[in-house]
Amino acid sequence: MTFSLATWNINSVRLRSGLVERLMTEDAPDVLCLQECKSPVELIPMEAFHALGYHHMIARGQKGYNGVAILSKQPIEEVCSFDFAGLGHARHIAGRLENGVTVHNFYVPAGGDIPDREKNEKFGQKLDYLTEMRDWWHANAPEKAIMVGDLNIAPREDDVWSHKQLLKIVSHTPIEVEHLAQAQDAGNWVDITRQDIPEGQIYSWWSYRAKDWSGADKGRRLDHIWATKDIANAGHSSRIRRDVRGWEQPSDHAPVFASFDL
DNA sequence: ATGGTGGAGCTTCCA
């Protein structure tokens with residue numbers, strides 16, 4: 001059986017519920033992981049999603065900030081919700097599908113503007129979040145698992161529009177990249193997007209502040225789909241729907257897709 | 001040279 005999955009930082013699920021419905025109609029991924037829902041769980045507009053076949057949801061929410069949800073056509077059983085770095089934020093939810101695959105949905109802290117934990121508490125929290133994630137995977141080796149989300153780090157040189165110009169910009173600094181790599185290694189995670197698309201610049205986020213986001217194309221690949229090594233070879237058909245960034249009143253992130261034969 | 005835009009909602013915080 002093949003199932004498809006997408007991850008999308010929606011930047012307010014209530015404001016953009018129509019965009020979610022459009023994606024559900026056009027692409028119909030079996031599992032849709034959302035971040036930055038910016039809504040209490042009980043105010044997520046489930047009825048519209050239900051009508052499109054998404055009968056199941058697990059989520060963590062808070063008013064105004066953060067928030068993660070997994071919407072699924074198949075039953076999904078909640079497994080856990082982490083609060084790495086003890087921030088008290090709604091940044092993770094995990095569930096298990098009926099095929100035994102566990103799906104982790106993360107919204108890693110953005111980290112503020114200054115890449116120095118002495119001058120910027122948020123940057124320290126981001127690094128601490130990734131360190132605790134690494135330690136968790138080290139102590140609890142994931143198996144038959146998929147990990148997605150807005151990880152707020154573009155690790156490779158070709159995950160950003162200019163490696164040199166972004167070396168001191170939060171999301172692409174060497175220390176962040178190293179922290180992410182350690183979390184990835186600790187869990188035996190394989191980057192499925194790059195397994196499928198090993199060459200070339202690919203992005204999933206473009207700033208709202210650009211005059212012409214598509215023309216300037218100063219993007220970063222902040223949104224990721226990983227799988228544990230035991231199921232990584234089942235992954236295929238990775239893609240990023242860049243055109244979604246150009247929809248009316250869009251999120252600043254585009255959805256990332258992959259499929260798995262499991 | 002240090003803005004620029006957008007969402008939530010607590011006129012300011014967060015991205």
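Everything quoted here is computed from the prediction, not taken from an experiment. So you know, we letter chains A, B, ... as the sequences are listed, proteins then strands, and number each from 1.
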- Query: Say you pick atom C1' in B/dT12 and the same atom in B/dA1; how far apart are they, in whole Å?
  - Reply: 26 Å
- Item | Presence of A/Arg209 side-chain N/O under 4.0 Å of B/dT2 phosphate oxygens OP1/OP2 | no
- Query: What about A/Arg14, does its side chain sit under 3.5 Å from the base of B/dA8 through a donor-acceptor pair?
  - Reply: no
- Side-chain contact check for A/Tyr65: nearest option of B/dA15, B/dC14, B/dG6 is B/dC14
- Task: Could you tell me whether A/Arg91 contacts a base, only the sugar-phosphate backbone, or nothing, with contacts defined as non-hydrogen atoms closer than 4.0 Å?
- Result: sugar-phosphate
- Task: Quickly work out the A/Lys38 NZ to B/dC13 P distance and round it to whole Å.
- Result: 15 Å
- Message: Under 4.0 Å from OP1 or OP2 of B/dC14: is there any side-chain N or O of A/Lys122 that close?
- Response: yes
- Note on the structure: Whole-Å distance, A/Ile169 CD1 to B/dA15 P, equals 16 Å
- Item | Nearest-Å distance once atom P is located in both B/dC13 and B/dG9 | 16 Å
- Task: Please report, rounded to the nearest Å, how far the P atom of B/dG7 is from the CG atom of A/Leu15.
- Result: 5 Å
- Note on the structure: Rounded to whole Å, CG of A/Asn66 lies from P of B/dA15 at a distance of 7 Å
- Query: Closer than 4.0 Å, any side-chain N/O of A/Gln35 to the OP1 or OP2 of B/dA15?
  - Reply: no
- Taking atom P in both B/dT2 and B/dG6, what distance in whole Å separates the two? 23 Å
- Item | Pairwise C1' distance, B/dG7 and B/dT11 [rounded to whole Å] | 15 Å
- Task: Nearest whole angstrom, please: distance from the C1' of B/dA15 to the CD of A/Gln125.
- Result: 14 Å
